[in-house]
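Every number for a ligand or one of its atoms is a count from 1 in the order of the listing. Since this is a predicted model, take the numbers as computed values, not measurements.
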Amino acid sequence: MEARVTAHARYTIADIDKRLYGSFLEHLGRAVYTGIYEPGHPTALPNGMRKDVIDLVRELDTPVCRYPGGNFVSAYNWEDGIGAKESRPTRLDLAWRTSESNQVGIHEFAEWAEAAGTDMMLAVNLGSRGLDSARNFVEYVNHPGGSQWSDLRRQNGRADPWNVKLWCLGNEMDGPWQVGHKSAAEYGHLANETAKAIRAFDDKLELIVCGSSHSDMATYPQWEATVLDATYDQVDYISLHMYFENYENKTSEFLALPEKLDRYIGTVSGVIDFVKGSKRSKRDVKISFDEWNVWYHERKNDAKRMREWDWPHAPVLLEDIYNFEDVLQVGCIINTFIRRSDVVRVACIAQLVNVIAPIMTEPGGSSWRQTIYHPFHLASRYGRGTALHLDVDCASYASNVADAVSYLDIAGVHDGDAGTITFFAVNRHGSERLSIKLAMERFGSIKTVEHILIKHDDLEARNTKDNPHNVAPRKSDDAVVEGNGVSVSVPPYSYSVIRVRL
Ligand code: AHR
């Protein structure tokens, strides 16, 4: 099968915000305890953080990490995680029916984030708590000193404020499963008042209001319209979440789901414009897609286990083991964000360690890269610069979510400083190679091309502790420069990065 793709130097979408490659770490399962934090582990730093995990996160180069939840944040008291560790309370976490020892709180997470080379993106509790605890938390984190909460931070060992810029106004407040779930009108009012209080402290902070938990919610997209109507002048982003499932074990349907993601982004973008228009506003609100990933391998099993257990601390939970098929899906999802990078400015893979995550750890033992680590890593590394509007000519197939799903899913990024164009390409055809002609107009002449390929004959292939490199990128020599273009042949069901040096 053949495909033709044309990039033109003047056909651009947006300068990509590097926070498109953000991540998420929740107090959930083994994400924190025995994930990033494990005193006594052979690689543990004096503060108990695992150095092997820090190294993997550094390699992933995720510019921002959302914390501490997720559903967890909706019944979380941030004050439980400060002060002497031995005096911190153990609480019942109502979201995941576990015990929370609070041995990691904001100080420990901030130290970890600095070591891991990522900025903090913090969520406040608008479920069981509200405006007052949110404004105190912001003061604790961001005020230099001379007030009750900032002086307490100083007493607790941190003199300088952390100056956290991105703040989430709660989490998934449209979800009936959320502690303190609210109607759109109730939440819109609370979020607006909380945002006003935070802005009174510092109007340069970037605030994220909750949109829908997914696009099948009964309240979607009216939720967005109501919430934005109440908060439009105070917020910078609306948060969306989506998880991808393949319970039917049908690869073609699974890989079509990014079409639904694209429509979700397009619809919410339209709602933003509608509210902006109705308010005669010139202010822009963008999308923070701050939870996304494949999540289904262990999901039903986990829901059953949770109902039966007795408040364990840091149990195995949501530990999906990803396969090669998920590499293709993650590739298509990130491509969608790049193509929508004019409106999606922040996105966070959910999550980062152990819990539906690219990085896995064994308590007391090794850590390794799941299959999905690789497409995320390659995009985070090479997908910075200006997103290109590509003209794509390729055959398509019909699916449940869209009538025409192109067999070639592709995104292109021009990095003017590095003098490169990088294409991220997924062949969604299960039996045919794709011969792709990439034309690049008005970029100057092409010097070299490099092709990085992720391919495995078994869609179910996984990386495990004992076989950690089963699915991994390798160099391929299937790409050649032809005049002012590149010709590349990619195998069926494969993920490719094609790097053109200008
Ligand atoms: O990431 C797992 C959970 O998924 C988060 O806690 C919640 O926000 C979402 O429903």
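Side chains of D80 and N77 form a contact here, defined as non-hydrogen atoms less than 4.5 Å apart.
Residues W309 and W96 keep their aromatic ring centres 6.0 Å or farther apart.
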Checklist entry - Should I36 and R50 be marked as a side-chain contact (heavy atoms from CB on, under 4.5 Å) after you check the CA-CA gap, both sets of side-chain angles, and the distance that decides it? => result CA-CA 6 Å; I36 63 166; R50 282 182 65 152; over 6 Å; no
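In this view, A357 satisfies the side-chain contact (heavy atoms from CB on, under 4.5 Å) rule with no residue, not counting sequence neighbours.
Taking all atoms of both residues into account, the shortest heavy-atom contact from D61 to R384 is O-NH2, 2.8 Å.
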What does the contact table look like for ligand 1 (nitrogen or oxygen on each side, cut-off under 3.5 Å)?
unit_1   : atom_1 : unit_2 : atom_2 : d
ligand 1 : 1 (O)  : Y243   : OH     : 2.8
ligand 1 : 1 (O)  : E291   : OE1    : 3.4
ligand 1 : 1 (O)  : Q351   : NE2    : 3.0
ligand 1 : 4 (O)  : E291   : OE1    : 3.2
ligand 1 : 6 (O)  : E26    : OE1    : 2.6
ligand 1 : 6 (O)  : E26    : OE2    : 3.2
ligand 1 : 6 (O)  : N71    : N      : 2.9
ligand 1 : 8 (O)  : N71    : OD1    : 3.4
ligand 1 : 8 (O)  : N171   : OD1    : 3.3
ligand 1 : 8 (O)  : N171   : ND2    : 3.0
ligand 1 : 8 (O)  : E172   : OE1    : 3.4
ligand 1 : 8 (O)  : E172   : OE2    : 3.4
ligand 1 : 8 (O)  : E291   : OE1    : 3.2
ligand 1 : 8 (O)  : E291   : OE2    : 2.7
ligand 1 : 10 (O) : E172   : OE1    : 2.7
ligand 1 : 10 (O) : E172   : OE2    : 3.2

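Stacking of K279 on the aromatic ring of F274 is not recorded, the 6.0 Å distance cut-off and the 45° axial limit not both being met.
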